[in-house]
Amino acid sequence: MSDTQSTNAVAPILQVILRDAHPVSRRDISQNALRVLYRLREAGFQSYLVGGAVRDLLIGVIPKDFDVATDATPEQVKSLFRNCRLIGRRFRLAHVVFGREIIEVATFRAASSNDDDGNGDRKVHDDGRVLRDNIYGTIEEDAVRRDFTANALYYAIDDFSIRDYVGGYEDVLARRMRLIGDPETRYREDPVRMLRAVRLAAKLDFEIESATASPLPKLASLLSEAAPARLFEECLKLFLSGHAVASFEGLERHGLLAVLLPETAEALKANRSGALRRMVIAGLANTDARVARDEPVSPAFLFALLLWPAYCRALMALQGQGVHVTEAQRRAADRVTLHQTHIIALPRRFSVPMQEIWLLQPRFSQRKRVGRFMAHPRFRAAFDFLQLRQHASDEHAADIVYWRDEQLVHVAVNGGDGDAEFDSTSPDDIAAEEAAPRKRRRRRRSPAKTE
Ligand code: ATP
Ligand code: MG
């Protein structure tokens, strides 16, 4: 690794943890990953399971996916597997596809990239951010370009040992997130690592080690330079993977919420009773419970919840200026959406139903055209949202009872299975729509404003 190109001056020191000294067993590794590992080795290449999977297996968590690292080039990998496709423009990765399971095979590379998507040859910004990278390297170089020590462990298929170049084994056992190298440098290279620190600590129930945690409040503002589309993806991982409450609290604690969701953070600060925060936490706890039960969750509902404090605040301000309530609601929804999408690229297919959930809220205090309202595609989501609002205020109790009863009557009259739209629960509704985006475009509520 040349000095001009390296921003991470860590000297790798190899420790080998032999098979009988660690708990990672082939029984817990996917058959497909094992096939890939063995095939590479048989062809004479180095072949390791790497990253989150090794970390998760060490602490008894079932890995989400299995990544492989090798000294074979992507083209060499491709020649070994018929079911292989290469992705990425400059830095290429091999995906070996087994039905729904994809094993990602990456060639060792020498330096970090800002987005880890493998797009590009390495360039460093004046402020230390790495823009692109395409340099293949050795396993040592591959280890030190990773983010956290816990993510840089290599399980060798030839002797089932774990190779640790950065002290990650000890950190995993002590349940510590520690950046490899100088934390400030590594955050500047890629500010999304700040979110990854919080997310992985929440997911794994790890502590963020103090030198890794302490720069966070100071550097938080760098997040606003990250690509909004990437921040959207990261938010889904933060809040829809079953650890939303812990992630939210972590973001607050480390000063990141104020950059990621600035208007919400301000609104929560201004809400002295803490009612809005209670509502957000209760909603996130619901989301976590749904994920734990393997029920679908929806980004539209999630963002309706996360941005509700901001929406309420904007609405109050507009009404304070004398804007009529209906107009104020529409404008507050558009304004909050517009401001937020500069930071997090919330696609329209989520922001439109998110706004509908907000704009339907006042409808629950009107007890008219009942059937028609209940047939609204967003009725269930809006009703679930109303129930969450009870955590902030008990003024909706009577409306909740009324609309719950009306739904029971409706189910009784329709025999409980006659009306598919009504029967499905809200996040399922939205999740189903999101999975299969509608061909027919919805009429725009507010032209182009939220894009
Ligand atoms: P998860 O359980 O959420 O999948 P993970 O650690 O596997 O966690 P991935 O996003 O799948 O996270 O990344 C795979 C590996 O790639 C990581 O374990 C880490 O070694 C490396 N990596 C990912 N993102 C970065 C980054 N921004 N900077 C450096 N290395 C990264
Ligand atoms: Mg992973």
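In each ligand, atom 1 is the first atom listed, and ligand 1 is the first ligand listed.
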Asker: With rounding to the nearest 0.5 angstrom, report the CZ to CZ distance, Arg188 to Arg193.
Answerer: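 Nearest 0.5 Å value for the CZ-CZ distance: 13.5 Å.
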Asker: Please confirm whether Arg186 comes within less than 3.5 Å of ligand 1 when only nitrogen or oxygen atoms on both sides are compared.
Answerer: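 In this structure, Arg186 places no N or O atom under 3.5 Å from an N or O of ligand 1.
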Asker: Give the numbers and elements of all ligand 1 atoms closer than 4.0 Å to a heavy atom of Arg146.
Answerer: 15 (C), 16 (O), 19 (C), 20 (O), 21 (C), 29 (C), 30 (N)
Asker: Measuring from Glu263:CD to His339:NE2, what's the distance to the nearest 0.5 Å?
Answerer: 5.5 Å
Asker: Please could you name the atoms of ligand 1 that Lys64 approaches to less than 4.0 Å, counting only its heavy atoms?
Answerer: 1 (P), 2 (O), 3 (O), 4 (O)
Asker: Does at least one non-hydrogen atom of Leu200 fall below 4.0 angstrom from an atom of ligand 1?
Answerer: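 Heavy atoms of Leu200 do come under 4.0 Å of ligand 1.
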Asker: When you measure from the heavy atoms of Val192 to every atom of ligand 1, does any distance fall below 4.0 Å?
Answerer: no
Asker: Using a 4.0 Å heavy-atom threshold (strictly under), name the region of Asp190 that reaches ligand 1: side chain, backbone, both or neither.
Answerer: side chain
Asker: Answer yes or no for Arg199: is there a heavy-atom contact with ligand 1 below 4.0 Å?
Answerer: yes
Asker: Heavy-atom contacts with Asp67 under 4.0 Å: which atoms of ligand 1 show up? List them by number with element.
Answerer: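 Counting atoms of ligand 1 from 1, those under 4.0 Å from Asp67 are 14 (C).
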Asker: For ligand 1, which atoms have a heavy atom of Gly51 less than 4.0 angstrom away?
Answerer: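 Matching atoms, with element in brackets: 18 (O).
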Asker: Under 4.0 Å from a heavy atom of Gly52: which atoms of ligand 1 are those, numbered in the order shown and with their elements?
Answerer: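 Listed by number with element, the hits are 6 (O), 7 (O), 18 (O).
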Asker: Quick one: side chains of residues 66-73, donor-acceptor pairs under 3.5 Å with protein atoms, not counting sequence neighbours, listed by atom name and distance.
Answerer:
unit_1: Thr70; atom_1: OG1; unit_2: Gln46; atom_2: O; d: 2.7
unit_1: Thr70; atom_1: OG1; unit_2: Ala72; atom_2: N; d: 3.0
unit_1: Asp71; atom_1: OD1; unit_2: Gln46; atom_2: N; d: 2.8
unit_1: Asp71; atom_1: OD2; unit_2: Gln46; atom_2: NE2; d: 3.4
unit_1: Thr73; atom_1: OG1; unit_2: Gln76; atom_2: N; d: 3.2
unit_1: Thr73; atom_1: OG1; unit_2: Gln76; atom_2: OE1; d: 3.3

Asker: Residue-level breakdown please: for Val50 versus ligand 1, do any non-hydrogen atoms fall below 4.0 Å on the side chain, on the backbone, on both, or on neither?
Answerer: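 None of Val50 does.
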Asker: Relative to the ring of Phe239, is the ring of Phe248 parallel (under 30°), tilted (30 to 60°) or perpendicular (over 60°)?
Answerer: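 Rings of Phe248 and Phe239: tilted, 30 to 60°.
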Asker: Counting neighbours of CG on Asp294 that are heavy atoms of other residues, nucleotides or ligands and sit closer than 6.0 Å, is the number greater than 12?
Answerer: no
Asker: Is the number of heavy atoms from other residues, nucleotides or ligands under 6.0 Å of Glu249 CD greater than 12?
Answerer: yes
Asker: Distance under 4.0 Å to a non-hydrogen atom of Arg230: what atoms of ligand 1 satisfy this?
Answerer: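 By the 4.0 Å cutoff, the relevant atoms are 27 (N).
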Asker: Just verifying a value: how many Å separate Ile157 CD1 and Arg26 CZ, rounded to the nearest 0.5 Å?
Answerer: 6.5 Å
Asker: If we ignore hydrogens and angles and just use 3.5 Å, is the side chain of Gln361 paired with the main-chain N or O of Ile357 as donor and acceptor?
Answerer: yes
Asker: Determine which of the N, O or S atoms in Asp65 is closest to the Mg ion (ligand 2) and give its atom name.
Answerer: OD1
Asker: Distance-only criterion, 3.5 Å: show the donor-acceptor pairs between side-chain atoms of residues 147-156 and protein atoms not counting sequence neighbours.
Answerer:
unit_1: Asp147; atom_1: OD1; unit_2: Asn151; atom_2: ND2; d: 3.0
unit_1: Asp147; atom_1: OD2; unit_2: Arg196; atom_2: NE; d: 2.6
unit_1: Asp147; atom_1: OD2; unit_2: Arg196; atom_2: NH2; d: 3.0
unit_1: Thr149; atom_1: OG1; unit_2: Asp171; atom_2: OD2; d: 2.7
unit_1: Asn151; atom_1: OD1; unit_2: Arg55; atom_2: NH1; d: 2.7
unit_1: Tyr154; atom_1: OH; unit_2: Asp142; atom_2: OD2; d: 2.6
unit_1: Tyr154; atom_1: OH; unit_2: Ala143; atom_2: N; d: 3.1
unit_1: Tyr154; atom_1: OH; unit_2: Arg146; atom_2: NE; d: 3.2

